[in-house]
2 protein chains.
Amino acid sequence: MTAAANQSGRRPTTSRRLERAGIRDVAAAAGVSITTVSDALNGKGRLPDETRSRVREVAERLGYRPSAAARTLRTGRSGLIGLTVTTYGEEPFTFTEFAYFAEMARAATSAALGRGYALVVLPASSRHDVWSNIALDGTVVIDPPDQDPLVSELYRSGVPVVSDGKPGNCPVTAWVDNDHEAAVLGILDHLSEAGARRIGLLTGTSTDTYTRLSTEAYVGWCQRVGQEPVYETYPAHDPAAGAVAADRLLARPDRPDAVYGLFDPNGTDLLAAARRYGLRVPDDLLLVCCSESDVYAGTEPPITTLSLKPRRIGTTVVNLLIDAIEGVDSGTGVDIARLFPPRFRTAGTGPPPGTLMPTELIVRASSQRRSPRTTISPPRPPGEV
Amino acid sequence: MTAAANQSGRRPTTSRRLERAGIRDVAAAAGVSITTVSDALNGKGRLPDETRSRVREVAERLGYRPSAAARTLRTGRSGLIGLTVTTYGEEPFTFTEFAYFAEMARAATSAALGRGYALVVLPASSRHDVWSNIALDGTVVIDPPDQDPLVSELYRSGVPVVSDGKPGNCPVTAWVDNDHEAAVLGILDHLSEAGARRIGLLTGTSTDTYTRLSTEAYVGWCQRVGQEPVYETYPAHDPAAGAVAADRLLARPDRPDAVYGLFDPNGTDLLAAARRYGLRVPDDLLLVCCSESDVYAGTEPPITTLSLKPRRIGTTVVNLLIDAIEGVDSGTGVDIARLFPPRFRTAGTGPPPGTLMPTELIVRASSQRRSPRTTISPPRPPGEV
DNA sequence: GATTCATGGAGAAACGGTTCTTCTCGACCT
DNA sequence: AGGTCGAGAAGAACCGTTTCTCCATGAATC
């Protein structure tokens with residue numbers, strides 16, 4: 001009864017100290033209604049400037065901070081965007097693992113911030129009770145595996161989802177990806193022009209879109225030009241396995257005279273392997289790898305790299321997501337169409353709209369037998385930005 | 001009047017379609033009250049198992065997901081922890097920039113997840129309206145600058161704050177840091193033992209605690225042993241400036257015969273600079289740098305590194321924070337003391353409790369003129385874990 | 001046979017905002 | 001002079017939970 005008595009009764013005037021000031025406190029202090037306070041602070045309603053500034057001043061003086069939870073509950077908007085990152089194995093997870101993801105995440109964070117949203121890091125292996133307990137306005141998913149239960153459920157419960165990497169079976173609102181096929185074909189053509197007769201590939205064992213599309217493009221190209229595919233695979237998340245695989249590739253009886261490595265450290269690994277086998281680069285072996293690192297400008301020789309432009313991807317993904325969040329009022333997903341110019345959309349009604357971003361091939365000494373040119377344009381640049 | 005009529009009246013039985021099922025829908029479908037539903041799903045109240053499972057089943061069938069916003073509003077807990085990352089310059093920000101931060105952030109994310117919390121990435125330069133609009137249970141702040149307004153306000157509004165890096169003037173609930181002074185002294189002693197007569201330092205221009213403490217420890221050591229300090233500074237966030245500073249240091253007339261570099265890339269930079277000046281490592285120049293990268297195991301020669309053990313730091317920071325969040329009921333910050341064993345606490349009532357974590361010196365060829373030993377223990381190991 | 005007591009469950013008050021609706025009052029128009 | 005109109009502001013519903021309080025009911029106790 002003692003404590004209970006305090007609790008009943010509509011806020012006993014001025015009890016409960018030590019608590020943060022609420023909108024009611026501001027209203028009382030300013031001698032207006034809470035409606036007026038809300039309107040004044042949010043720039044709504046019809047109020048003379050004088051009232052507005054007076055309320056603002058009182059709120060400031062009281063150190064008033066609106067409750068994010070209450071606002072979210074009422075408005076249905078939290079200002080939070082999930083950043084779903086892939087996990088390898090049990091506890092640790094990528095993101096910050098490869099330069100690509102790190103850059104992409106940074107760009108995404110900045111872009112979200114610029115539009116008033118914050119990012120919640122959400123490992124794909126998160127316990128269900130954790131992420132289902134967060135009010136998300138939308139989710140960015142990095143490189144979704146074929147059947148991601150987290151993504152599926154989010155999508156099903158009406159949360160917009162935009163993925164970096166063309167999704168397999170996951171339903172998503174939209175997706176952004178590099179034109180991996182065009183990129184690989186461009187590299188293979190580039191190596192051919194430089195005199196390669198048998199081009200090898202260093203690729204991964206995982207089933208993500210990047211690995212799959214790139215490898216398929218390679219195999220297809222081989223069929224077309226009549227070359228037997230020469231490739232080695234390894235688990236990309238294992239840093240030590242890459243060096244071993246590079247070694248395997250160069251140890252083959254049908255040793256390639258040019259190699260493209262799909263992952264960041266492949267350049268260093270291949271260079272080391274070539275040295276072990278006494279192969280000169282680029283004279284005996286042409287080299288290209290996919291990397292965002294500029295250390296390859298300083299290696300001996302400098303190595304040609306393919307940049308996936310992660311900043312651009314991260315920015316685009318977030319902007320598409322926020323467009324979807326803010327463009328669709330609620331419930332019916334009608335005017336998503338507006339967001340995607342026809343040229344970016346795939347087919348009519350079926351698959352979600354996707355955007356292909358161009359890559360950039362940075363040509364250095366390792367892939368040329370002639371005099372080096374500088375940066376050249378990517379093959380088939382599909383988009384703007 | 002048309003739409004308004006729908007809105008009044010306590011939820012007109014079964015209108016509003018397309019909406020997600022709420023607790024009321026579950027209650028109605030299960031033929032119980034919402035109290036019972038809430039209790040059944042949260043394992044509270046006195047309910048027979050039969051009711052509990054029946055309610056759970058109905059909830060499952062309806063795809064019921066409790067509203068995070070409503071729950072947060074009612075309980076005052078969001079399950080969200082801010083991860084405040086430093087920003088250099090305008091738009092971009094660190095975190096993922098250095099291996100240390102990346103590792104630390106990963107460990108922090110994992111640790112938080114394991115205890116049911118998710119991390120919100122919160123650049124220090126965030127617009128006020130963004131982060132003040134997020135319901136945070138607490139905040140991790142990485143390497144707080146002397147006067148961080150974001151941190152100050154969070155702390156003032158009652159949100160627990162734990163910092164990685166001993167805070168300058170920021171008020172924090174607790175902090176965790178490496179024993180930078182002990183680490184630097186240990187390295188200097190180590191180099192002295194290896195025969196160094198004049199030890200140089202490559203350090204940063206910024207005012208963060210790490211840089212400051214390390215530099216001060218170095219200068220103090222110099223005074224004590226009677227050596228003139230020999231150091232060069234550069235803006236640590238500028239990747240190109242490091243190489244230039246390394247060059248400057250070795251170009252000095254009072255060229256050191258041993259160097260400790262405070263930042264990750266310094267090892268490579270110093271090695272390259274030494275080569276330019278025809279200095280052999282370790283014969284003419286002893287080298288140590290602070291780094292989390294294992295590339296230094298493979299350089300020629302392998303370079304001795306100091307590891308700050310970021311995983312351990314990240315895990316500890318998060319656990320301390322969550323302890324503070326869950327340990328203190330609300331309002332009065334009484335039993336924080338319980339969380340910090342006396343040996344970890346600084347002084348009595350004044351400064352916030354801090355924990356010093358040991359570092360690890362990984363000795364390799366670059367800092368030895370004799371036969372190499374392997375990993376040695378850190379100097380003055382203060383803590384457990 | 002009248003009190004306890006434990007059990008199972010319902011009612012309703014918060015939580016702290018936003019926003020729809022309504023009310024008042026003076027100026028203006030006809 | 002009566003009615004309209006718009007500005008200014010207040011009232012109150014509502015967002016969807018959690019949780020405190022209280023009410024039945026039947027068994028056990030005295």
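All of these numbers come straight from a predicted model, not from anything done at the bench. Reckoned from all heavy atoms, side chains included, excluding hydrogens, waters and symmetry mates. To find a chain, count down the sequence lines: A is the first, B the second, and so on, and within it residues start at 1.
For A/T35, whose side chain is taken as the heavy atoms from C-beta onward, the closest listed nucleotide among D/dG11, C/dG16, D/dT18 is D/dG11. Relative to the side chain of B/R71, the nucleotides D/dT18, D/dA10, C/dG17 differ in distance, and D/dT18 lies closest.
Scanning both residues, B/V58 and B/A30, for their nearest heavy atoms gives CG2-CB, 4.0 Å. Heavy-atom minimum distance, A/D39 versus A/R52: O-NH1, 3.2 Å.
What separates CG of B/D39 from C1' of D/dT19 is a distance of 8 Å, to the nearest Å. Rounded to a whole Å, the CZ atom of A/R20 is 14 Å from the P atom of C/dC15. Across the protein-nucleic acid pair, A/I34 atom CD1 and D/dG11 atom C1' stand 9 Å apart, rounded to whole Å. In this structure, B/R74 atom CZ and C/dA14 atom C1' are separated by 5 Å, rounded to whole Å.
A salt bridge does not link B/E60 with B/R56: none of the charged nitrogens is closer than 4.0 Å to a carboxylate oxygen. Salt bridge annotation for B/E57-B/R61: absent, with no cationic side-chain nitrogen under 4.0 angstrom from a carboxylate oxygen.
Residue B/R65 is classed as a sugar-phosphate contact, given heavy-atom separations below 4.0 Å to backbone atoms only. Residue contacts shown for A/S67 are limited to sugar-phosphate atoms, with no base heavy atom under 4.0 Å away. At a threshold of 4.0 angstrom between heavy atoms, the contacts of B/T72 with the nucleic acid are absent. Here B/T36 lies in heavy-atom contact (under 4.0 Å) with sugar-phosphate atoms only.
Side chain B/T75 to base D/dT19: no donor-acceptor pair is found below 3.5 Å.
Distances shown here put every side-chain N or O of A/Y64 at or beyond 4.0 Å from the OP1 or OP2 atom of C/dG16. Proximity of A/S33 to the phosphate of D/dA10: a side-chain N or O atom is located under 4.0 Å from OP1 or OP2. Contact between the side-chain N/O atoms of B/T51 and the OP1/OP2 oxygens of C/dG9 is found at a separation under 4.0 Å.
Nearest-nucleotide assignment on DNA chain C puts the 5′-proximal partner with B/V32, out of B/V32 and B/L73.
Scanning residues 41-49 of chain A for heavy-atom distances under 4.0 Å to DNA chain C yields A/N42, A/K44.
Terminal axes of the helix from C/dG1-D/dC30 to C/dT30-D/dA1 (five pairs each, C1' rotation axis) are separated by 60°, to the nearest 10°.
Annotation: side-chain contact (heavy atoms from CB on, under 4.5 Å) contacts of B/T72 (sequence neighbours excluded): A/A69, B/S78, B/A135.
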